[in-house]
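First comes the structure, then the notes that go with it.
Heavy atoms only: backbone and side chains are in, while hydrogens, waters and symmetry mates are out.
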Amino acid sequence: MDTNRWRTGAARRAALAAVVAGGLLITGCSGGGTDRAATSDSGGRAPGAPAPGAPAPAPAPGARNSEQRPGADRANGGANGRADGAAGDEARETAPADHLSTFALDVDTASYGYARRTLADGRLPAADTVRPEEFVNSFRQDYPKPAGNGFSVTVDGARTGARDWSLVRVGLATRPADRHGERPPAALTFVVDISGSMGEPGRLDLVKESLGVLTDQLRDDDSIALVTFSDEAETRLPMTRVEGSRDRIHRVVDELETTSSTNVEAGVTTGYDTAVAGHRKGATNRVVLLSDALANTGETEAGAILDRIEDERRAYGITLFGVGVGSEYGDAFMEQLADKGDGHTTYVSTSEQARKVFVEQLPAHIELRARDAKAQVAFDPKRVETFRLIGYENREVADEDFRDDRVDGGEVGPGHQVTALYAVKTRPGAQDRGGRLATATVRWLDPASRAPQERSGSLDSGALGARLWDEGTKPGLRVAATAAYFADSLRGGELPGAPTRAELAGHADGLARTTESKVVGELAESIRRANGLRD
């Protein structure tokens with residue numbers, strides 16, 4: 001095992017500080033994990049100490065279940081969740097810095113969709129395009145729905161085949177939208193790639209089909225603008241109310257044809273200019289980029305393009321939703337654009353997938369339940385020796401910035417779910433002794449008022465008695481584990497307790513039969529394809 005991938009929290013924070021000091025605020029996916037070798041004595045700044053120039057955050061999460069306020073479970077919608085009020089509302093235990101894990105929430109799924117497409121084409125995906133959290137978050141879980149507009153928090157786990165190693169799952173979920181209920185109007189600026197590479201079947205033709213479907217799904221009080229780009233960008237449709245304009249919108253979409261090279265910079269810049277010009281106060285203002293993200297003209301590095309959209313994002317709250325297409329796809333490029341644009345990405349390669357994104361999942365892509373959402377997990381040092389967050393490398397947040405609301409988090413819509421999996425090595429006898437193993441807290445800003453909110457959930461070490469692959473273990477946990485182990489294997493990882501490739505395929509096939517789920521069956525098929533390409 002690569003010991004460099006299991007680092008102390010102090011070392012990780014020092015490395016992160018060096019990166020921030022160097023101005024590298026956006027990074028691509030690395031091959032390593034978010035790892036902590038937990039000890040009683042932690043180096044570096046204590047978790048409660050503020051970053052230079054930052055307000056002092058509240059103590060780290062970790063209050064016992066017995067300290068929950070009456071009615072907190074009902075407010076949260078989950079049996080193991082807790083609604084946290086202002087600092088000082090209740091006493092909290094603190095965890096040493098090396099026992100904390102903090103990250104911005106991420107609802108992207110593009111990495112898994114593109115990996116499936118690549119495998120179907122007979123190729124293994126490049127390791128740097130594989131992000132385990134996006135594999136895991138591609139599968140729906142049975143998390144409880146919160147009663148309000150916040151999150152439910154679920155924490156559970158099971159033992160793996162490696163001695164003292166368990167897999168701990170942290171699940172966060174928002175309440176789905178009522179498709180026919182009230183919502184703010186949407187002001188959507190579509191930025192469509194019409195470069196030559198988009199002429200391949202499954203690219204521009206799929207984009208046009210998707211936009212046609214979406215036009216019929218939007219409400220009369222929503223608005224659409226359309227920008228196209230190849231070597232240059234052009235506004236084909238300024239911000240236009242849908243009511244009375246559906247036929248006009250369809251005609252503009254139908255007339256789209258491919259031309260020459262790919263100048264993403266021109267497209268994104270013009271797209272944001274158009275979105276700002278058509279900005280609607282009180283609406284959900286979003287830029288939707290549909291492209292294979294293979295920039296070859298103009299500024300082709302994400303950093304230069306990101307600089308151009310920063311002011312508009314901050315001043316107008318315009319977020320970016322990236323929809324990737326094509327057998328060759330600039331995955332990392334699109335992800336960086338969406339991360340900086342306070343948005344998310346997905347990938348489509350079939351009409352069925354496009355309909356799912358633009359019809360079934362439409363509310364989740366154009367509404368918001370939470371801004372700048374972050375999660376922090378505190379592990380008890382008496383019961384946990386070391387742990388590793390699987391994925392989320394480019395979503396890390398310094399532990400001391402968890403409650404600094406100036407630090408960017410993730411944007412989450414209605415019905416979104418976020419799953420984080422941890423490989424956790426417990427201390428000998430920890431499961432027999434029982435007691436608090438981990439507490440997970442999610443913090444976010446209300447989209448309308450910007451008021452901070454928190455919810456927490458916890459896991460007792462005695463709850464890790466089940467074996468991961470036993471039939472009695474929750475199918476959702478086993479599916480999430482299968483997706484995570486698959487992703488890690490594609491990156492050449494060495495997660496403790498990981499099944500062999502043949503065993504993983506067997507687990508996936510069994511889960512496909514048990515759940516009778518088409519998407520789990522597709523996961524099993526992808527694992528078999530990958531195994532065949534590596535044999």
Please walk me through it: do S489 and R534 pass side chain to side chain contact (heavy atoms under 4.5 Å, CB included)?
-> CA-CA 11 Å; S489 73; R534 290 181 294 197; 3.6 Å; yes
Minimum heavy-atom distance T319-R286, with the two atoms named = OG1-NE, 2.7 Å
Are the side chain of T269 and the backbone of A266 linked by a donor-acceptor contact shorter than 3.5 Å?
-> no
Looking at A275 and I318, what are the two nearest heavy atoms and their distance?
-> CB-CD1, 3.9 Å
Please test R395 against D339 for salt bridge (Lys or Arg N to Asp or Glu O under 4.0 Å), starting from the C-alpha separation and ending with a verdict.
-> CA-CA 9 Å; R395 303 297 284 167; D339 282 353; 3.5 Å; yes
Verify whether one side chain among T129 and D331 offers a donor that lies under 3.5 Å from an acceptor in the other.
-> no
Salt bridge or not for E393 and R491, using N-O below 4.0 Å?
-> yes
Give, for atom CG of D216 and atom CZ of R246, the distance between the pair rounded to the nearest 0.5 Å.
-> 6.5 Å
Yes or no on side chain to side chain contact (heavy atoms under 4.5 Å, CB included) for E328 and D292, after CA distance, side-chain angles and deciding distance?
-> CA-CA 7 Å; E328 297 294 333; D292 57 17; over 6 Å; no
Strictly by modelled atom types, are T154 and R169 linked by a side-chain donor-acceptor pair under 3.5 Å?
-> no
How many angstroms lie between CD1 in I527 and CZ in F486, if you round to the nearest 0.5 Å?
-> 5.5 Å
Side-chain donor or acceptor of E335 paired with backbone N/O of A332 under 3.5 Å | no
Side-chain H-bond candidate by donor/acceptor type, T346 with T109, under 3.5 Å = yes
Is any side-chain heavy atom of F229 less than 4.5 Å from a side-chain heavy atom of V192?
-> no
Ignoring hydrogens and geometry, is there a side-chain-to-backbone donor-acceptor pair from D446 to A451 under 3.5 Å?
-> no
S327 vs R203 side-chain heavy atoms within contact, under 4.5 Å = yes
Tell me, do F151 and P146 make a side-chain contact under 4.5 Å, heavy atoms counted?
-> no
Which atom of V227 lies closest to which atom of A233, heavy atoms considered | CG1-CB, 4.5 Å
V288 side chain reached by V191 side chain, heavy atoms, under 4.5 Å = no
Minimum-distance pair of heavy atoms, taken over all atoms of G391 and E133 | CA-OE1, 3.4 Å
Could you tell me whether the side chain of E411 and the main chain of D372 form a donor-acceptor pair under 3.5 Å?
-> yes
Which of parallel (below 30°), tilted (30 to 60°) and perpendicular (above 60°) describes Y422 and F103?
-> tilted
Distance from D254 atom CG to I249 atom CD1, nearest 0.5 Å?
-> 11.5 Å
Using atom types as modelled and distance alone, determine if a side-chain donor or acceptor of E525 lies under 3.5 Å from a backbone N or O of G521.
-> no
Over all atoms of both residues, closest heavy-atom pair of G326 and R117 = C-NH1, 4.0 Å
Single hit among R371, K374, R443 for side chain to side chain donor-acceptor pair (under 3.5 Å) with D405 = R443
Which of parallel (below 30°), tilted (30 to 60°) and perpendicular (above 60°) describes W469 and H507?
-> parallel
Okay, side chain of T235, backbone of P238: is any donor-acceptor separation there less than 3.5 Å?
-> no
Indicate yes or no for a side-chain donor-acceptor contact from Y329 to the backbone of M334 under 3.5 Å, with no hydrogens or angles considered.
-> no
Which value, rounded to the nearest 0.5 Å, describes the distance between S351 atom OG and L206 atom CG?
-> 5.5 Å
Ring centres under 6.0 angstrom apart (F139, Y112) = yes
Spell out, as yes or no, whether a donor-acceptor pair under 3.5 Å connects the side chain of N263 to the backbone of S230.
-> no
After noting the C-alpha distance and the side-chain angles of Q353 and S349, does the key distance pass the side chain to side chain donor-acceptor pair (under 3.5 Å) rule?
-> CA-CA 7 Å; Q353 292 171 356; S349 61; 3.1 Å; yes
So, R175 versus N149: side-chain donor-acceptor pair below 3.5 Å or not?
-> yes
Within-4.5 Å side-chain heavy-atom neighbours: E396 and T102 | no
Heavy atoms, side chains only, cut-off 4.5 Å: are R219 and P185 in contact?
-> no
What do the steps show when you test D221 against V242 for side chain to side chain contact (heavy atoms under 4.5 Å, CB included), and what is the final call?
-> CA-CA 6 Å; D221 61 344; V242 171; over 6 Å; no
E257 with K208: basic N within carboxylate O range, under 4.0 Å = no
Can you find a pair of side-chain heavy atoms, one from L290 and one from V325, that are under 4.5 Å apart?
-> no
Would you check, one step at a time, whether the test salt bridge (Lys or Arg N to Asp or Glu O under 4.0 Å) holds for K474 with D156?
-> CA-CA 10 Å; K474 293 179 181 178; D156 59 9; 3.6 Å; yes
If you measure only the distance, is there a donor-acceptor pair under 3.5 Å linking the side chains of R236 and T228?
-> yes
Short question: side chain of K145, backbone of S152 - any donor-acceptor pair under 3.5 Å?
-> no
Donor-acceptor side-chain pairing of T284 and E367 below 3.5 angstrom = no
Passes side chain to side chain donor-acceptor pair (under 3.5 Å), S111 versus Y347? Steps please.
-> CA-CA 8 Å; S111 176; Y347 177 88; over 6 Å; no
Sequence-distant partners of D509, salt bridge (charged side-chain N to carboxylate O under 4.0 Å, His left out), two or more places apart | R528
Which value, rounded to the nearest 0.5 Å, describes the distance between L226 atom CG and T215 atom OG1?
-> 9.0 Å
L320 versus A338, closest heavy-atom pair with distance = CD2-CA, 3.7 Å
Please report the C-alpha distance between T240 and R248 in whole Å, then the side-chain angles of each, then the deciding distance to 0.1 Å, and finally whether the side chain to side chain contact (heavy atoms under 4.5 Å, CB included) criterion is met.
-> CA-CA 10 Å; T240 303; R248 177 188 177 193; 4.0 Å; yes
If you draw a 6.0 Å radius around CD in E232, do more than 12 non-hydrogen atoms from other residues or ligands fall strictly inside?
-> no
Note, Y392 side chain near V418 side chain (heavy atom, < 4.5 Å) = yes
Atom CZ of R355 and atom CG of L214: how far apart are they, to the nearest 0.5 Å?
-> 11.0 Å
Would you say the side-chain atoms of T174 pair up with the backbone N or O of H416, donor to acceptor, closer than 3.5 Å?
-> yes
